[in-house]
Protein chains: 2
Amino acid sequence: MNETLHSISAIERDTGLSREVLRKWELRYGFPQPVRAAQGERLYPDEQLQRLRLIRRLIDQGRRPGSLLRLDSAALEALLAELATAAPATLPPAVGDEVLALLTAHDAAGLTVLLNRTLTRCGLQRFVTDFIAPLNVLIGEAWLSGAIEVAEEHLYTEQLQNVLRAALSGPALGAGSPRVLLTTFPDELHSLGLLMAEALLSTEGAACTSLGTQTPVEDIIRLASSGRVDIVALSFSGAYPLRRAVEGIQRLRTALPEAVALWCGGAGLQGRRPEIEGVRQLDTIADCLTALADWRARAAED
Amino acid sequence: MNETLHSISAIERDTGLSREVLRKWELRYGFPQPVRAAQGERLYPDEQLQRLRLIRRLIDQGRRPGSLLRLDSAALEALLAELATAAPATLPPAVGDEVLALLTAHDAAGLTVLLNRTLTRCGLQRFVTDFIAPLNVLIGEAWLSGAIEVAEEHLYTEQLQNVLRAALSGPALGAGSPRVLLTTFPDELHSLGLLMAEALLSTEGAACTSLGTQTPVEDIIRLASSGRVDIVALSFSGAYPLRRAVEGIQRLRTALPEAVALWCGGAGLQGRRPEIEGVRQLDTIADCLTALADWRARAAED
DNA sequence: CTTCAATTTTGTCCAGGACAAAGGTGTGAT
DNA sequence: ATCACACCTTTGTCCTGGACAAAATTGAAG
């Protein structure tokens, strides 16, 4: 199950640590200590990948490799906990300003660099929950206040899509269970929420299939009833009328097989809580992860 | 001024060729042949960087390194020219059937694998012009004839976007000139054409900025008039009313600075040729490349 | 003309050594 | 005590040269 092994290039891509650094660390500090394939190629178990991600984050916090690499997992977790309490998951204002400055300067390349740097620095999950989620709010506010135009918002969306989709196309991300179908109702054009959910769920091993926006409810039902879907996830932006959302969700819920879970999230439902029987509401993007954990716990019972 | 020398990491970043490949080529084929710094570090002159870029492009076209690396710059340029005039290819029916089969089976993962395999096999340019372009037509026909549903078309679009955007986020793709702004008018939702154009133009070194779909004409004008854009490229799907397209294009053309080129393409304009003064029409997606070559030729005159 | 096996090409991986830039430490002067 | 400067340590990058597997090409047989 978690027997998956990663080549050194996979580790390089996932952690941002170059092959050469990985080899030197192994030589100098004895970690990571991958198993070897037939011809001596390094194969890193998941556990070591996780620990390397952790180390990477701590290094980015200003700590030095030499000390971190001699610690065991427990000590690293302790450091991480300390770090988590220090960082209250909100966006440093300077970062928000930097993004807005890049947008008003129409510097697409600069924005991509910033996004990618942040992604490799804090990992896909944190990137989505702690960076993109608050950033989206900021962008929305900036647009409302007239600080940026539609075009700049588009620019942001576009670059972010590039970065997220590239991250998603990594190797064997989300090849497991459950199988999640993501989409929006017709008239709902915003796809970023779907992409963020797909990213989060994929890192946790869910097999995501996104249909993008605007799928007719009949089509959703047909696909979800084929027996190859465990969860249907819908996203509603703030502009989507609550009444129409509730109506569609109810129709979908009754038409779907009972075994198929239905999750709904997005700004269009946030705050107001329709509470429909048999529908899981996701208040924040991070709720995807708890919902997934709950689904797995329940699935394990049966 | 052109005495600038580049370290091996700079070359890796600019060309996407790994250090290891660069060293092996030097060993095996005698090119590139960098000068050496005090401690033997490789330092590549600009000229070799240029030639490496060219080689990289030709490899992406499906040619093999062994033959290319033994050629001199003149022969390489000749190949590049020949490449621009290459015959338009059509899709083998078996491949189309395979794609349709995957779609009706809702096998997103299988489709992604197929797309990625084709991409790596024939390179980004050929992938777009010879594979995706005819495939899009096929998908469109399949939908019209009822062979596939909206959901399956969405599935196709989504997977293709993942693959194309991942390919685009490669290293230093499109960091040069000209600077192209890509988008669609409001009411135009189809983004695939933009993405394909962005992919093609980027491989040829254009600095593309896509705003995605539905940008207000005023915003396009504002951005394009900032002096940081050389070309504005618009896409119109078959569903877009011709009259509205022409109207918008004319308005845009008069409002844009004369120095900014305006390119328009997509099924919405194909066949009918409004022929607007000062507007370049792209009949096929591959026309992006010839238009780019023309633009560069004209730019070189001044 | 197709099919399958042999061969060549090509990218990736390995080990172990060297070195410079960045980070830390100690000493003396203000 | 604080600052500047010389010194040591840590750390990432670069080097050479060899091995091998996957992909592409070629050639032989059906």
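Proteins come first, then strands; the chains are lettered A, B, ... in the order of their sequence lines, and each starts at number 1.
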* Asked: Nearest-Å distance, CD (B:E26) to C1' (D:dC15)?
  -> 11 Å
* Asked: salt bridge (charged side-chain N to carboxylate O under 4.0 Å, His left out): which pairs involve residues 61-75 of chain A, sequence neighbours left out?
  -> A:R63-A:E82
* To do: Would you kindly give the CZ-to-C1' distance between A:R63 and C:dG23, to the nearest whole Å?
  => 16 Å
* To do: Examine C:dT12: is either OP1 or OP2 under 4.0 Å from a nitrogen or oxygen in the side chain of A:S7? Give yes or no.
  => no
* Return yes if some donor-acceptor pair links the side-chain N/O of A:R228 with the main-chain N/O of B:A105 below 3.5 Å, else return no. => yes
* Is the phosphate of C:dT12, meaning OP1 or OP2, less than 4.0 Å from a side-chain N or O of A:S9? -> no
* Asked: By salt bridge (charged side-chain N to carboxylate O under 4.0 Å, His left out), which residues pair with A:D97, not counting sequence neighbours?
  -> none
* Considering just the side-chain nitrogens and oxygens of B:R42, establish if one lies under 4.0 Å of OP1 or OP2 belonging to D:dC14. => no
Just the atom pairs and distances: protein N or O near nucleotides 18-20 of chain C's N or O, under 3.5 Å.
{"residue": "C:dA20", "atom": "OP1", "partner": "B:Q39", "partner atom": "NE2", "Å": "2.8"}

* In whole angstrom, give the distance that lies between atom CD of A:E12 and atom C1' of D:dG12. => 13 Å
* **Integer-rounded Å distance: D:dT11 C1' and A:W25 CH2** => 10 Å
* Using a distance-only test with no angle check, is there a side-chain donor-acceptor pair under 3.5 angstrom linking B:Q50 and B:R53? -> yes
Between side-chain atoms of residues 27-43 of chain B and protein atoms elsewhere (two or more places apart, or another chain), which donor-acceptor pairs fall under 3.5 Å?
{"residue": "B:Q33", "atom": "NE2", "partner": "B:G30", "partner atom": "O", "Å": "3.1"}
{"residue": "B:R36", "atom": "NH1", "partner": "B:G40", "partner atom": "O", "Å": "2.7"}
{"residue": "B:R36", "atom": "NH2", "partner": "B:E26", "partner atom": "OE2", "Å": "3.1"}
{"residue": "B:R42", "atom": "NE", "partner": "B:E26", "partner atom": "OE1", "Å": "2.7"}

* **Test side chain to side chain donor-acceptor pair (under 3.5 Å) applied to B:E153 - qualifying residues, sequence neighbours left out** => none
* To do: Ignoring backbone atoms, establish whether B:Y29 has a side-chain N or O less than 4.0 Å from OP1 or OP2 of C:dT9.
  => no
* Report yes if at least one side-chain N or O of A:R64 is closer than 4.0 Å to OP1 or OP2 of C:dG23; otherwise report no. => no
* Does A:G66 or B:L27 map to a spot on DNA chain D nearer the 5' end, using the closest nucleotide for each? -> A:G66
* Asked: Rounded to whole angstroms, how far apart are CD on B:E20 and P on C:dA15?
  -> 13 Å
* Structure fact -> To the nearest angstrom, the CD1-P distance between B:I8 and D:dT13 comes to 13 Å
* To do: Identify which nucleotide among D:dA24, D:dC14, D:dG12 has an atom closest to any side-chain atom of B:R19, counting heavy atoms from C-beta outward.
  => D:dC14
* Below 4.0 angstrom from OP1 or OP2 of C:dA15, is there any side-chain N or O of A:R36? -> yes
* Asked: What is the distance, rounded to the nearest whole Å, between atom CG of A:L22 and atom C1' of D:dT11?
  -> 14 Å
* To do: Let me know the distance between CG of A:L43 and C1' of C:dC14, rounded to the nearest Å.
  => 13 Å
* **side chain to side chain donor-acceptor pair (under 3.5 Å) against A:Y156, all qualifying residues, sequence neighbours excluded** => A:N136
